[in-house]
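Heads up, the thing below is written out as C-alpha cells.
Index from 1, following the sequence.
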Amino acid sequence: MQQAWTLPWLAALLLGLMGLMGLPAHGSDFQHHRYEDMVRAMFAVQSECPYITRIYSIGRSVEGRHLYVLELSDNPGIHETLEPEFKYVGNMHGNEVLGRELLIKLGQFLCEEYRAGNQRIMRLIHDTRIHILPSMNPDGYEVAARQGPEFNGYLVGRGNSREIDLNRNFPDLNALMYYYEKTSGRNHHLPLPDNWEQQVEPETMAVIKWMQNYNFILSANLHGGAVVANYPFDKSRDPRIRGRTTYAATPDDKIFRKLARTYSYAHSWMHKGWNCGDFFDEGITNGASWYSLSKGMQDFNYLYTNCFEITLELSCDKFPPASALPREWLGNREALVSYLEQVHHGIKGMVYDENSNPVGNAEISVAGVNHDVTTGVDGDYFRLLLPGTYTVTASAPGYVPSTSTVTVGPAEAIQVCFFLCRTWWKTYE
C-alpha cells in the first residue's frame, strides 16, 4: 500500500500533540526486562496485535538464548514488492541496556497506536516491514543485570558470554573497500573472507545470516555511554596516529549526515550537542572522526548489503535506573518513529527483462555516487537519496543497461522502473 509521506518535522508535532495514547508514562509501567521478561513482553505484543505482528528467532546466543525479532507489517512474514525492510538492533553490548528497553516499548507503542487508529502509525506499518531485535547480546545482558544499575562497571557484561565485543567481531570489509577505492574495484556487496564463519561469534553469525535473508534498506543500532548519532565509516582510512582522528566519509556521506540529524533533532536533547561532558555539533558525528574501530556492524551493513545503518548512542549511563526509563522513552519516542520513516525517501522501483519478468540482483548505480545497490530476489530495489536530480542506471550480466534521469523530492520515494533487454536480443534486433 502506498501513501504520501509527510516531512518528519511536521509529523513530529502531530505525534507530540497526540501524546502516548494508551501508553501511560508513569514509572510503574517501565522496568528492566531480564531475558524471560523480555520474551514475555514480546509475545504479549504479538498476542495483542496478532494480525500485524510475527515473532521469529534468527539464532541462539552462546548460552542458547534465542535472538528473538518482533516483526510489524500488514502482512507479517511476507516481503511485499516495493515495501522496504527496516530493522532496529538493541543491546549489542550487554551492559548498554537503554536501547533494549526502548525497543521493547517501541513494539508495544506501535501495536497500541495501530489499534487506536493513529493514522501515522497505521501508514507506517502498512507501507513498511519493520523488524525489531531488542537484544543481540542476551548473555551479556544477564551478566550486567546481575550487578544491576548501581554497581555495573563500564565493561561488565559488555561482551557476550565469551567476553567478545560483538561490535568488533564482523568481517573487516573496510580494508578491502579502501583498497578497491584506489584500484577502481567493486564498491558494494564486498565478498566475505573464505573462513569468516570460523572468525565470528554465534550472535554475529546470526545477524549476518539475517542480513543475507532479508533485503534491509535502513537500520539503526542502539548503544549507550554517550548521546550522539554516529554514522559511517567507523574505521579510518589512515594509519592510526596517537591523539589524532580523521573523518572517514562514505560515498553517501550527505545522506548519512541527514539520517543522523533526523534522529538527533527529533530527540529531545541530543541535538543540543553538550551531553555527558562531550560536545558533538548538532548531536552527530562521523564514527572515525570520533574514534576509529575495525570490524564494526554499521560499516559491515553498508559494505556487504543494501542497508544503511547508523549507531545511536542514547544515554550517558550505560545501565540507567528504572526510574529514568520514562524520561528516556519520551526523549526518544519521536526520534525512533521519525528515523524509521526515512526508509521511504529517495527512489524505488522494479527491474524487468524484456518479457516483464523481474530481474534479481541487478545493480542500480547513481552517477556521481560510488556506491551501488542491488535488486532483491523479486526484482525490487530501494535507493536512499537526498532531494535533487540524478542519472540512474540499472544493469545486470547479459543485459543492455538502461538509464533514466529522475528528480527526487523531499517527501515519498519516487518510483522508477527499468526494462532490460538481453544482449543477444538487442543484437538480433
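In summary, E197 and K209 engage in a salt bridge, as defined by a charged side-chain N under 4.0 Å from a carboxylate O. The pair R129-E80 does not meet the salt-bridge criterion, since no charged nitrogen lies less than 4.0 angstrom from a carboxylate oxygen. In summary, R34 and D37 do not engage in a salt bridge, as defined by a charged side-chain N under 4.0 Å from a carboxylate O. Using a 4.0 Å cut-off between charged nitrogen and carboxylate oxygen, E113 and K105 do not count as a salt-bridge pair. A salt bridge does not link D380 with K348: every distance from a Lys NZ or Arg NE/NH1/NH2 to an Asp or Glu carboxylate oxygen is 4.0 Å or more. One finds a salt bridge joining E63 and R65 here, because a Lys/Arg side-chain nitrogen approaches an Asp/Glu carboxylate oxygen to under 4.0 Å. Taking 4.0 Å as the cut-off between side-chain N and carboxylate O, D299 and K235 do not count as a salt-bridged pair.
Side chains of Q415 and I347 form no contact here, defined as non-hydrogen atoms less than 4.5 Å apart. Residues V200 and P171 form a side-chain contact, since some pair of their non-hydrogen atoms from C-beta on lies under 4.5 Å apart. Using a 4.5 Å heavy-atom threshold, the side chains of I132 and L106 count as touching. Here the side chains of K254 and K258 are not in contact, with every heavy-atom distance at 4.5 Å or above. Side-chain contact between V408 and L386 is absent, with no heavy atoms from C-beta onward closer than 4.5 Å. Looking at heavy atoms from C-beta onward, S294 lies out of side-chain contact with R168 at the 4.5 angstrom threshold. Side-chain contact check for P84 versus F216: every heavy-atom pair is 4.5 Å or farther apart. Between L312 and Y263 the shortest side-chain heavy-atom distance falls below 4.5 Å.
F109 and W329 have perpendicular rings, their planes meeting at more than 60° on a 0 to 90° scale where under 30° would count as parallel.
Between L314 and the choices V228, N332, V227, the side-chain contact (heavy atoms from CB on, under 4.5 Å) rule is met once, by N332. F170 pairs in a ring-ring contact (aromatic ring centres under 6.0 Å, His included) with only one of the listed residues (Y302, W196, Y304, F300), which is F300. For the ring-ring contact (aromatic ring centres under 6.0 Å, His included) with F233, the lone residue among Y178, Y247, W290 that qualifies is Y178. Screening T250, L384, I284 for a side-chain contact (heavy atoms from CB on, under 4.5 Å) with F256, the sole residue that qualifies is T250.
Between the side chain of D353 and the backbone N or O of S356, at least one donor-acceptor pair lies under 3.5 Å. Within the 3.5 Å criterion, the main-chain N or O of E282 finds no donor-acceptor partner in the side chain of Y265. Judged purely by atom type and a 3.5 angstrom limit, S184 has no side-chain atom pairing as donor or acceptor with the backbone of Y180. When atom types are taken as modelled, the side chain of S219 and the backbone of E309 share no donor-acceptor pair closer than 3.5 angstrom. Formation of a donor-acceptor pair under 3.5 Å by the N306 side chain with backbone atoms of T374 is found in this model. When atom types are taken as modelled, the side chain of N275 and the backbone of A226 share no donor-acceptor pair closer than 3.5 angstrom. A donor-acceptor pair is defined here as one N or O able to donate and one able to accept, closer than 3.5 Å; such a pair exists between the side chain of H32 and the backbone of P320. Although no hydrogens or angles enter the test, the distance criterion places no donor-acceptor pair under 3.5 Å between the side chain of H93 and the main chain of N95. Side chain of R100 to backbone of L103: no donor-acceptor contact under 3.5 angstrom is found.
For the residue pair E203 / N160, a side-chain donor-acceptor distance below 3.5 Å is found, with atom types taken as modelled. In this structure, a donor-acceptor pair under 3.5 Å is absent between the side chains of T81 and D378. Side chain to side chain, H126 and Y114 meet the donor-acceptor criterion of an N or O pair below 3.5 Å. For R422 and Y399, the side-chain atoms include at least one donor-acceptor pair closer than 3.5 Å. Inspection of the E112 and N118 side chains reveals no N or O donor paired with an N or O acceptor under 3.5 Å. Under 3.5 Å, the side chains of T246 and S236 contain a donor-acceptor pair of N or O atoms. Between the side chains of H345 and E412, no donor-acceptor pair is found at a separation under 3.5 Å. Side-chain N/O atoms of E363 and H188 include a donor and acceptor closer than 3.5 Å. Judged by distance alone, the side chains of T389 and T407 do bring a donor and an acceptor atom under 3.5 Å apart. Under 3.5 Å, the side chains of S135 and N91 contain a donor-acceptor pair of N or O atoms. Between the side chains of S264 and H271, no donor-acceptor pair of N or O atoms lies under 3.5 Å. Side-chain atoms of N221 and K87 include no donor-acceptor pair closer than 3.5 Å.
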Exercise. Evaluate the criterion side chain to side chain donor-acceptor pair (under 3.5 Å) for residue pair N370 and N187; output intermediate values, then yes/no.
Key: CA-CA 6 Å; N370 189 32; N187 67 17; 2.8 Å; yes

Quiz item: Which is it for Y141 and N137 under the side chain to side chain donor-acceptor pair (under 3.5 Å) test, yes or no, and what are the steps along the way?
Solution: CA-CA 6 Å; Y141 176 87; N137 185 5; over 6 Å; no

Quiz item: Between N230 and Q298, does a side chain to side chain donor-acceptor pair (under 3.5 Å) hold up when you go through it step by step?
Solution: CA-CA 9 Å; N230 174 343; Q298 73 174 6; 3.2 Å; yes

Self-check item: CA sep, side-chain torsions, deciding dist, call: R383, D252, salt bridge (Lys or Arg N to Asp or Glu O under 4.0 Å)
Solution: CA-CA 11 Å; R383 201 353 169 150; D252 287 291; 2.8 Å; yes

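Among all heavy-atom pairs drawn from L166 and M92, the shortest one is O-CE, 3.3 Å. Nearest heavy-atom pair across T285 and S289 is OG1-CB, 4.5 Å. When all heavy atoms of A335 and H267 are compared, the closest pair comes out as CB-N, 3.8 Å. When all heavy atoms of G287 and D234 are compared, the pair lying nearest together is CA-OD1, 3.2 Å. Nearest heavy atom pair, residue V373 against residue F382, reads CG2-O, 3.9 Å. For the residue pair P202 and R162, the shortest heavy atom distance occurs at CD-NH1, 3.6 Å.
Distance CD/E313 to CZ/F280: 8.5 Å, rounded to 0.5 Å.
Within a 6.0 Å radius of CG in N195, other residues, nucleotides and ligands contribute more than 12 heavy atoms. Counting non-hydrogen atoms of other residues, nucleotides and ligands closer than 6.0 Å to CD of Q212 gives a total above 12. Around NZ of K295, the count of heavy atoms belonging to other residues, nucleotides or ligands within 6.0 Å does not exceed 12.
Here the two rings, on Y214 and H131, have centers that are under 6.0 Å apart. Not less than 6.0 angstrom separates the ring centroid of Y231 from the ring centroid of F308.
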